[in-house]
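Just so we're on the same page: letters track the sequence lines, and every chain starts at 1.
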Amino acid sequence: MASPIEPGSEETDPLTPFVDEVLDRLSTALAALGGPLSREVLAGQLELEGGPEGEIAFPTHRAAAAAKKAPPEFAAQLAPRISPSSRLRSVSAKGAYVNFALAPSELTARTLALALGRGGRYGHRPVVGRPGCVEHTSANPTGPFHIGRVRNAIIGDTVARVVRAAGTAVTTQYYVDDMGRQASLITWIWSKPRADWPAPVRAAVDGAEVPGEKPDAYRGRPYPAVSAYVKEHPDAQAEVAAMIRAIESGAPPPLHRELTEAILGGMLASLARLDIRFDEFVWESDFLRDGSVERVLERMHGAPHAVREANGAWAIDAAGYGLPKESTRVVFQRADGTSLYVLRDVAYHLAKFARFDRVVDVLGQDHLLHARTLNALLAEVGTSRTPTYLIYQDITVPEGGRMSTRSGSAVWLDQLLAEAVDRARREVLARREDLPEADTERIAEAVATGAIRYHIVRVAPEKPVVFRWEDALSFEGRSGPFVQYSYARAASLLRKAGADGGPYPFDPDRLSDVEELALVRIVARFPRTVEYAARSLHVQSVAAYAHDLADQFNRFYHAVPVLRSADDERASRIALVAAVRQTLGNALDLLGIARLETM
RNA sequence: GGGCGCGUAGCUUAGCCCGGAUAGAGCACCGGGUUCCUAACCCGGGGGUCGAGGGUUCGAAUCCCUCCGCGCCCGCCA
């Protein structure tokens with residue numbers, strides 16, 4: 001129920017002057033009554049949208065205790081000491097609470113002025129401070145995405161958008177693991193003529209290939225069979241090991257980079273359909289090439305808890321780092337002198353810290369222990385910094401268990417996209433049979449991808465998710481298409497009003513219907529919602545907000561005529577609709593869901 | 001066994017960081033709404049021991065402890 005009240009700016013947040021005034025006048029009144037509380041404590045106690053009686057509520061329990069009075073009695077004495085003003089329509093006591101009803105005229109005027117005046121910047125704050133980095137997805141380039149990985153991409157991309165909006169210059173990074181066993185297996189198999197492939201690998205590929213298929217599907221197809229085969233065959237294992245050493249020594253087969261890039265390109269093409277793109281790709285091998293792994297190794301050898309094992313391997317005695325008992329010895333360099341993943345990750349993170357203040361890593365829960373060992377190693381090299389980990393739970397299948405390529409239980413992103421577009425197309429055709437085919441396709445694609453993104457981002461990352469087609473492809477209720485539809489409705493209204501581009505003159509006193517005021521209050525909440533989501537990384541609150549706004553807009557739409565209303569109200573209602581369209585559109589942008597002017 | 005996460009209506013979930021008024025939604029179900037701005041919509045209804053127990057508190061879904069159930073991790077893999 002409590003909604004955090006953070007300091008904002010009058011230039012970006014319509015609620016700021018109201019909250020400031022409540023805090024000021026409450027402080028004065030409390031001091032006079034003998035229950036003084038600091039401004040910080042007060043700000044923590046206030047509730048936005050507190051209850052049925054007012055938009056800002058103050059529970060008096062603590063102040064009453066300080067004044068040694070019963071809360072209801074205290075509230076009854078406190079409320080009359082604060083007189084209404086141009087910003088506060090009324091101040092009233094109810095039970096233990098003092099409720100502040102905001103003056104609708106002032107609230108509406110400020111909210112519409114900011115939403116319309118700032119346009120695409122409404123809900124955004126000016127860039128301040130040093131830049132930040134969000135690393136997400138970073139899937140091994142070994143084949144197509146399944147939707148488990150897509151949870152990482154959607155959460156990560158949304159976090160980047162939201163943190164950026166809240167005033168941090170964010171760079172998104174995809175860490176490409178082109179080293180180690182997984183990518184090497186791909187290069188190993190494709191280095192051989194098809195005729196020399198082991199029989200089980202050929203069997204896994206033959207007949208499955210489709211002309212013109214994406215490179216991630218084509219080049220990645222042998223991977224599961226190769227992985228299984230090599231595990232069982234020491235001679236193949238030795239060949240792969242030799243290849244890994246060649247890669248680490250800086251002399252990978254020429255085909256290696258080419259294959260990795262081709263597969264990655266195919267994977268990224270699918271993400272691009274979800275409007276997920278990356279500012280930078282960081283190749284793991286770069287840290288070997290530029291010597292930073294070597295430098296980290298030197299520092300690690302002299303680290304406070306570095307130990308040399310009998311066979312020459314190096315480890316950290318991490319007993320003091322709170323790791324599970326069995327993991328207190330963290331090996332970072334093999335006996336043969338090659339580095340381990342976590343060590344290269346140290347080099348990567350030192351590079352991040354040099355450029356960025358806020359560093360967020362989006363990781364599956366299976367990487368949690370890795371994250372904690374990384375923290376331990378970062379401390380050992382002498383930095384006090386650690387990334388902020390955003391850990392999400394796996395997506396499982398109804399039969400139980402994680403998605404796995406081998407068991408055939410995986411649901412592929414491309415498959416999900418195809419199915420979603422099919423279904424969206426049917427929905428479009430059912431309503432708009434007159435539409436040119438290109439428009440039908442464009443809308444179907446937007447609805448399909450909007451449904452998928454919303455479905456993933458609306459749930460808190462730490463919740464386990466069981467994949468069900470009917471949930472993922474929902475176009476109603478709490479869904480992306482519901483928000484898109486509401487946006488299209490607002491856009492349609494403005495088109496028909498001949499008011500597509502503004503200006504939008506309005507008289508706040510003409511917007512006095514309960515549905516109008518409720519709508520204004522939700523629009524006014526947007527900047528605080530974004531700020532909270534960026535600070536807490538709870539991006540699901542932006543999804544919830546978009547639904548709340550769309551929901552209230554639809555209620556307004558049914559209850560209040562716009563185009564058919566009398567002239568003096570019409571202009572103001574059009575301005576309100578324009579503010580809603582803008583805010584809804586900005587929220588969709590943050591969620592990476594396409595705005596549709598018509599559906 | 002240890003570490004971490006999750007458990008809220010038949011199903012999916014918000015709220016938990018930072019305790020506060022009657023725990024919000026969506027799906028499904030039941031009953032209504034389209035000569036009228038897009039029915040992917042709206043209105044009404046039923047449905048909750050917030051996993052269990054204990055503690056702290058004026059007050060607990062929220063904080064602490066114990067237990068139960070489920071998931072993941074515990075490699076000189078990444």
Q: Please answer whether B:A40 and A:Phe482 are stacked, defined here as ring centres separated by less than 5.5 Å and planes angled under 30°.
A: no
Q.
Looking at A:Asp567, I'd like to know if its CG atom is crowded, meaning that more than 12 non-hydrogen atoms belonging to other residues, nucleotides or ligands lie closer than 6.0 Å.
A. no
Q: Could you check which nucleotide pairs with B:U56 in any of the strands shown, counting Watson-Crick or G-U wobble with both distances under 3.5 Å?
A: none
Q) Which nucleotide in the list B:G3, B:U12, B:C76 gets nearest to the side chain of A:Ala313? A) B:C76
(Q) Is there a side-chain contact between A:Phe332 and A:Val296 in this structure, where contact means two heavy atoms from C-beta onward sitting under 4.5 Å apart? (A) no
Q: Classify the ring geometry between A:Tyr532 and A:His538 as parallel (under 30°), tilted (30 to 60°) or perpendicular (over 60°).
A: perpendicular
Q.
Measuring only the C1' atom in each nucleotide, how far is B:U22 from B:A61? A whole number of Å is fine.
A. 15 Å
Q) With a non-hydrogen cut-off below 4.0 angstrom, is A:Arg423 in contact with a base, only sugar-phosphate, or nothing? A) nothing
Q: Would you check, one step at a time, whether the test side-chain contact (heavy atoms from CB on, under 4.5 Å) holds for A:Leu596 with A:Val447?
A: CA-CA 9 Å; A:Leu596 285 170; A:Val447 166; 4.0 Å; yes
Q | Side chain to side chain, A:Asp439 and A:Arg432, heavy atoms closer than 4.5 Å | A | no
Q: Searching all strands shown, indicate the nucleotide that pairs with B:G46 (Watson-Crick or G-U wobble; both distances under 3.5 Å).
A: none
Q) Taking the side chain as C-beta and beyond, is there a heavy-atom pair between A:His367 and A:Tyr389 under 4.5 Å? A) no
Q | Selected nucleotide, minimal atom distance to A:Tyr532 side chain, candidates B:C4, B:C17, B:G20 | A | B:C17
Q: Can you tell me, in whole Å, how much space there is between the C1' of B:U49 and that of B:C41?
A: 36 Å
Q.
Is there a side-chain contact between A:Gln540 and the phosphate of B:G15, meaning an N or O under 4.0 Å from OP1 or OP2?
A. yes
Q: Would you indicate, yes or no, if B:C37 has its OP1 or OP2 atom less than 4.0 angstrom from a side-chain nitrogen or oxygen of A:Ser492?
A: no
**Q.** Value in whole Å for how far the C1' atom of B:G24 lies from CG of A:Leu48
**A.** 16 Å
**Q.** Interface with RNA chain B, restricted to residues 549-561 of chain A and to heavy atoms under 4.0 Å
**A.** A:Asp551, A:Asn554, A:Arg555, A:Tyr557, A:His558, A:Val560, A:Pro561
Q.
Expressed as a whole number of angstroms, how long is the span from A:Asp336:CG to B:C77:P?
A. 9 Å
Q. Considering only the C1' atoms, how many Å lie between B:C63 and B:U57, rounded to the nearest integer?
A. 10 Å
Q. Is the base of B:C76 touched by the side chain of A:Asn311 through a donor-acceptor pair closer than 3.5 angstrom?
A. yes
Q.
Centre-to-centre under 6.0 Å for A:Tyr348 and A:Phe287, is that the case here?
A. yes
Q) Roughly how many Å is it from CG in A:Leu494 to C1' in B:U38, rounded to a whole number? A) 13 Å
Q: Please work out whether the ring planes of A:Tyr97 and A:His61 are parallel, tilted or perpendicular, with thresholds of 30° and 60°.
A: perpendicular
Q) Nearest to the side chain of A:Thr598 - B:C76, B:G26, B:U38? A) B:U38
Q: Respond yes when some side-chain nitrogen or oxygen of A:Lys463 is under 4.0 Å from OP1 or OP2 of B:G71, and no when none is.
A: no
Q) Choosing from B:C4, B:G24, B:C76, which nucleotide comes nearest the side chain of A:Leu368? A) B:C4
Q | Distance, C1' atom - from B:U38 to B:G24, rounded to whole angstrom | A | 28 Å
Q: Would you please confirm or rule out a distance under 4.0 Å between OP1 or OP2 of B:A39 and any side-chain N or O of A:Arg489?
A: yes
Q: Using a cut-off of strictly less than 4.0 Å, decide whether A:Arg334 has a side-chain nitrogen or oxygen near OP1 or OP2 of B:C77.
A: yes
Q. Of the candidate nucleotides B:A25, B:A14, B:A21, which contains the atom at the shortest distance from the side chain of A:His547?
A. B:A25
Q: Using a cut-off of strictly less than 4.0 Å, decide whether A:Lys496 has a side-chain nitrogen or oxygen near OP1 or OP2 of B:U38.
A: yes
Q. Looking at the side chain of A:Asp366, which of B:G15, B:C73, B:A40 is the nearest nucleotide?
A. B:C73
Q) Taking the side chain of A:Asp394 as its heavy atoms from C-beta onward, which of B:A21, B:C72, B:A40 lies nearest to it? A) B:C72
Q: Look at the side chain of A:Arg372 and decide which nucleotide, out of B:G3, B:C4, B:A25, has an atom nearest to it.
A: B:G3
Q. Can A:His61 be classed as stacking with the base of B:G20, given a centroid separation cut-off of 5.5 Å and a plane angle cut-off of 30°?
A. yes
Q: For the side chain of A:Val459, starting at C-beta, report the closest nucleotide among B:C37, B:G71, B:U13.
A: B:U13
Q: For A:Met599 and for A:Thr396, find the nucleotide of RNA chain B with the closest heavy atom, then tell me which residue's nucleotide is more 5'.
A: A:Met599
Q. Which whole number of Å gives the distance between the P atom of B:C18 and that of B:A25?
A. 27 Å
Q.
Work out how far the C1' atom of B:C11 is from that of B:C29, and round it to whole angstrom.
A. 12 Å
Q. Taking atom P of B:C77 as reference, at what distance in whole Å does atom CD1 of A:Ile186 sit?
A. 19 Å
Q | B:G44 to B:G3 separation - P atoms, rounded to the nearest Å | A | 50 Å
Q: Rounded to the nearest angstrom, tell me the gap between atom CD in A:Glu462 and atom P in B:U13.
A: 12 Å
Q. Within this structure, what is the CD-to-P distance between A:Glu476 and B:C27, rounded to whole angstrom?
A. 7 Å
Q: Look at the side chain of A:Pro481 and decide which nucleotide, out of B:A40, B:G71, B:C18, has an atom nearest to it.
A: B:A40
Q: May I ask you to check if A:Arg489 and A:Phe553 form a cation-pi contact, with NZ or CZ under 6.0 angstrom from the six-membered ring centre and within 45° of the axis?
A: no
Q: Between A:His370 and A:Gln45, just flag the one whose closest nucleotide in RNA chain B comes earlier from the 5' side.
A: A:Gln45
(Q) What is the separation between atom OH on A:Tyr454 and atom P on B:U13, rounded to the nearest whole Å? (A) 14 Å
Q. Is there a donor and acceptor pair, one atom on the side chain of A:Glu47 and one on the base of B:G20, closer than 3.5 Å?
A. no
Q.
Roughly how many Å apart are B:C65 and B:A60, using the C1' atom of each and rounding to a whole number?
A. 15 Å
Q) Nearest-Å distance, CG (A:Asp548) to C1' (B:G26)? A) 11 Å
